[in-house]
Protein chains: 2
Amino acid sequence: MTGMTTARTSLPEAARHLSLRERKKLKTRIAIRNATYELIEEQGYDATTVEQIADRAEVSPSTVFRYFPTKEDIVLTDEYDPLAEELLRARPEDESLLDSMRFIIRQSMSMAIADAPTFAEREMKLRLRLMTEIPAVRSRVMESMSVTSRLMCRAIAERTGRHENDLEVRVYTMGLMGALLEAAIYWTEHDYQGDLLDLLDRALATFKDLPKR
Amino acid sequence: MTGMTTARTSLPEAARHLSLRERKKLKTRIAIRNATYELIEEQGYDATTVEQIADRAEVSPSTVFRYFPTKEDIVLTDEYDPLAEELLRARPEDESLLDSMRFIIRQSMSMAIADAPTFAEREMKLRLRLMTEIPAVRSRVMESMSVTSRLMCRAIAERTGRHENDLEVRVYTMGLMGALLEAAIYWTEHDYQGDLLDLLDRALATFKDLPKR
DNA sequence: CATCTTTTGAGAGTTACTCTCATTTCATGG
DNA sequence: CCATGAAATGAGAGTAACTCTCAAAAGATG
């Protein structure tokens with residue numbers, strides 16, 4: 001009972017009230033992800049095998065796959081997606097949709113940074129780099145984009161008084177997601193020059209607001 | 001020297017003037033694709049292995065991978081993409097971008113149908129179904145969407161007097177592609193009800209034209 | 001027909017992922 | 001604190017998509 005088990009990772013404050021089991025799960029989850037990031041920075045994505053990841057995270061390969069369905073998911077899954085939906089829903093009714101989007105982007109980015117100051121930025125850049133360089137990762141991102149898009153559909157539907165399965169709503173939302181993604185890629189390809197938030201704003205500006213009803 | 005070798009496939013007229021080597025390559029390419037479609041319709045996507053595909057196409061598995069980098073690509077690659085770029089470039093300068101898009105969509109769809117009447121529709125529907133049902137295929141589609149998007153960027157840049165790497169151009173183009181894809185998915189999820197072209201039109205209509213300069 | 005080049009097949013190897021089952025680890029009520 | 005049940009883990013075997021290499025076959029060329 002020395003500090004051995006805590007050596008792996010320290011948990012965020014929010015995890016205090018979870019059961020021992022849940023806390024352990026969170027820990028291995030984080031351990032796997034950290035191990036992955038480390039290895040990728042050392043050797044690159046392709047050279048990093050799941051076995052190596054398991055080794056460094058001190059779990060078995062089986063466990064890695066139990067936590068993450070695919071290798072790409074280890075790098076890509078984040079916890080902020082469902083948050084975005086809530087945030088959007090919390091915005092005032094009369095605010096324009098694009099303004100709301102702008103707001104929640106700033107919001108969620110600053111939350112991520114508050115969670116883990118230096119880490120968040122490095123992680124985001126690595127993710128974006130992998131996204132542009134590794135086809136498997138990129139296509140996985142694209143897919144998750146369409147999932148996120150569906151999530152946002154619900155919130156946007158409420159906003160505009162349309163149905164969430166309305167063709168226009170879905171097209172519009174997908175367009176928004178694509179725009180944001182493209183802006184992020186643009187930023188990455190230009191060596192992270194300038195302010196990402198500005199680029200995202202410009203990306204949003206190419207859209208007109210989706211009319212109500 | 002009976003008709004044996006031609007039993008595999010018959011080539012389109014356009015292939016008449018190719019060398020024997022090129023004609024053979026085209027044939028195996030088509031043979032592989034047809035075998036794949038057949039097997040998938042019989043057994044489903046996941047149950048169909050590359051080995052089976054190779055068997056039915058009467059080539060070795062190595063050859064399959066020589067022609068198509070991944071299993072998904074067998075289903076997805078089509079030859080109409082670069083065509084779209086040309087078509088767009090051929091449209092009159094003063095036509096609105098969205099109108100041009102509408103035009104070339106109709107154009108390329110009718111070309112595909114003229115190429116292979118009954119086949120084209122079945123193939124398209126199967127592809128769309130796989131796209132919505134099989135994650136690997138969907139994400140591959142998404143990726144190829146961003147490739148197509150880049151192609152269109154060039155044409156759209158010319159049109160609007162912007163640079164092809166302009167952020168707005170890229171965002172806008174990506175949005176267009178996403179919109180079209182989403183409309184196609186929508187059509188598929190609603191059991192191919194109604195006219196796909198109408199849906200695509202509606203999807204395009206959610207965009208405003210990208211202003212010049 | 002001989003030679004050179006391209007394409008193919010065969011086979012071995014890697015790795016992401018799946019399934020199963022025995023073992024360990026936590027939760028719970030007495 | 002312990003007995004019992006539930007959940008998480010590890011070990012191992014299996015599958016299938018790819019990759020690489022090399023020798024044989026087939027088309028191009030003079």
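The chains referred to below are lettered A, B, ... by the order of the sequence lines, with proteins before strands, and numbering in each begins at 1. Just the heavy atoms: all of them, side chains too, but no hydrogens, waters or symmetry mates, feed the values below. What you see is a predicted model, and the numbers here were worked out from it, not measured in a lab.
Between A/T63 and D/dG10, a side-chain N or O to OP1/OP2 separation shorter than 4.0 Å is present. Residue B/K24 places at least one side-chain N or O closer than 4.0 Å to OP1 or OP2 of D/dG27. Contact between the side-chain N/O atoms of A/K71 and the OP1/OP2 oxygens of C/dT15 is not found at any separation under 4.0 Å.
Distance from the side chain of B/S19 is smallest to D/dA28 among D/dA28, C/dG9, C/dC17. Here C/dA16 is the nucleotide among C/dA16, D/dG10, C/dT7 with the atom lying nearest to any side-chain atom of A/V50. Of the candidate nucleotides D/dC18, C/dA27, C/dA16, C/dA27 has the atom nearest to the side chain of A/R21.
Between the side chains of A/R138 and B/S146, no donor-acceptor pair of N or O atoms lies under 3.5 Å.
Residue-level contact check: A/P61 touches neither bases nor backbone, having no heavy atom under 4.0 Å from any strand. Heavy atoms of A/Y67 sit under 4.0 angstrom from primed sugar atoms or phosphate atoms, though from no base atom.
Rounded to whole Å, atom P of C/dT8 lies 9 Å from atom CD1 of B/I32. In this entry the distance linking CZ of B/F65 with P of C/dG13 reads 18 Å, nearest Å.
A/R33 has no carboxylate O lying under 4.0 Å from a charged side-chain N of A/E123, or vice versa, which leaves the two without a salt bridge.
Under the 30°/60° scheme for interplanar angles, the aromatic rings of A/W187 and A/Y192 are found to stand perpendicular.
Counting distance only, with no hydrogens placed and no angle test, the side-chain atoms of B/R66 and the base atoms of C/dG9 include a donor-acceptor pair under 3.5 Å. In this model, a side-chain donor or acceptor of A/S62 finds a partner on the base of D/dA11 within 3.5 Å.
Put simply, the side chain of B/S149 never gets that close to the backbone of B/M145: no donor and acceptor are under 3.5 Å apart.
Heavy-atom nearest nucleotides on DNA chain C were determined for A/P69 and for A/L20, and the one closer to the 5' end corresponds to A/P69.
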